[in-house]
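A short write-up of the structure that comes next.
Throughout, protein chains are lettered first and strands after them, A, B, ... in sequence-line order, and every chain is numbered starting at 1.
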Amino acid sequence: AQSVSQHNHHVILSEAASLELGCNYSYGGTVNLFWYVQYPGQHLQLLLKYFSGDPLVKGIKGFEAEFIKSKFSFNLRKPSVQWSDTAEYFCAVNARNTGKLIFGQGTTLQVKP
Amino acid sequence: EAQVTQNPRYLITVTGKKLTVTCSQNMNHEYMSWYRQDPGLGLRQIYYSMNVEVTDKGDVPEGYKVSRKEKRNFPLILESPSPNQTSLYFCASSPGGAGGYEQFFGPGTRLTVL
């Protein structure tokens with residue numbers, strides 16, 4: 001069965017610090033990968049996605065993620081966080097050509113001003 | 001405005017009383033899906049629909065029913081709610097027929113079953 005694991009459940013950073021959130025998945029076939037963000041009181045929205053091609057993908061608000069197929073990982077990064085990045089972040093994996101989307105447990109990021 | 005709407009947004013009910021949470025999208029999307037969000041568990045998929053009249057189970061379908069009679073609507077039905085279905089529920093839609101496209105989420109429905 002597919003599963004997605006996010007290693008960091010709660011991260012606290014100061015503004016301007018660098019961010020890396022881990023995401024690993026288990027599935028032997030081809031996947032589509034996503035990072036979603038949920039700002040306080042708002043809908044979930046897409047940060048970035050990987051379908052194919054360049055394994056380093058860039059998303060909104062300066063976020064990027066790297067797909068490392070050999071490690072089944074899709075870690076999210078941002079060089080310098082801002083207070084407005086305080087939110088919950090979810091990694092998600094779709095087995096290609098299926099309707100299933102599996103989410104990780106989520107990581108709460110708190111950025112101190 | 002392109003959006004996914006859910007009703008009601010908040011609901012408190014009692015064990016065994018049938019309820020329906022409606023979901024509607026105005027983007028002509030093929031795919032719709034329901035999730036529940038619980039602390040420490042992230043979002044878990046309940047059911048999804050890749051097209052009208054086509055539905056399939058996600059990871060946690062027990063205790064839920066869905067139907068997709070028309071493209072824009074995808075109601076979630078709890079025939080006999082139990083306290084373990086107390087959760088935050090999200091509906092989502094996407095333009096593709098499978099799950100590999102960006103999903104657009106509704107605002108959520110917070111359900112409490114007493």
- In terms of heavy-atom contacts, does CZ of B/R110 have more than 12 from other residues, nucleotides or ligands at under 6.0 Å?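 No, CZ of B/R110 has 12 or fewer neighbouring heavy atoms, counting only those of other groups under 6.0 Å.
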- Are B/S94 and B/Q103 linked by a side-chain donor-acceptor pair shorter than 3.5 Å?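 B/S94 vs B/Q103: no donor-acceptor pair found between side chains.
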- Task: For residues B/S80 and B/Q85, report the shortest heavy-atom separation together with the two atoms involved.
- Result: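 B/S80 and B/Q85 have their closest heavy atoms at O-OE1, 4.0 Å.
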- Item | Where B/K69 and B/V52 come nearest, the two heavy atoms and their spacing |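 The answer is O-CG1, 3.6 Å.
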- Message: Quick check on side-chain contact (heavy atoms from CB on, under 4.5 Å): which of A/V31, A/V57, A/V4, A/L21 does A/F74 satisfy it with?
- Response: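 Among A/V31, A/V57, A/V4, A/L21, the one that satisfies the side-chain contact (heavy atoms from CB on, under 4.5 Å) with A/F74 is A/V57.
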- Item | Interchain contact, A/E88 with chain B, by part (heavy-atom threshold 4.5 Å) |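 It is the side chain, since no backbone atom gets that close.
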- Item | chain B contact via A/Q6 - which portion, at a heavy-atom distance below 4.5 Å |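 A/Q6 has no heavy atom closer than 4.5 Å to chain B.
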- Item | Part of B/F104 within contact of chain A (heavy atom distance under 4.5 Å) |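 Neither part.
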- Message: So for B/L43, is it side chain, backbone, both, or neither that comes closer than 4.5 Å to the heavy atoms of chain A?
- Response: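 When you check distances to chain A, atoms from both the backbone and side chain of B/L43 fall under 4.5 Å.
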- Query: In terms of hydrophobic clusters joined by side-chain contacts under 4.5 Å, are A/L101 and B/L88 together?
  - Reply: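 Yes.
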- Counting heavy-atom pairs under 4.5 Å to chain A, which of B/S33, B/G106, B/G58 comes out on top?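 Result: the option with the highest number of such pairs is B/G106.
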- Between B/Y48 and B/Y31, what is the ring plane arrangement, given parallel below 30°, perpendicular above 60°, and tilted in between?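 Answer is parallel, since the angle falls under 30°.
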- Task: Would you please go through residues 102-113 of chain A and name the residues with a non-hydrogen atom below 4.5 Å from one of chain B, in numerical order?
- Result: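 The list, in residue order, reads A/I102, A/F103, A/G104, A/Q105.
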- Item | Any residue meeting side chain to side chain donor-acceptor pair (under 3.5 Å) with A/E20, in chain and number order, not counting sequence neighbours |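 Expected list: A/N75.
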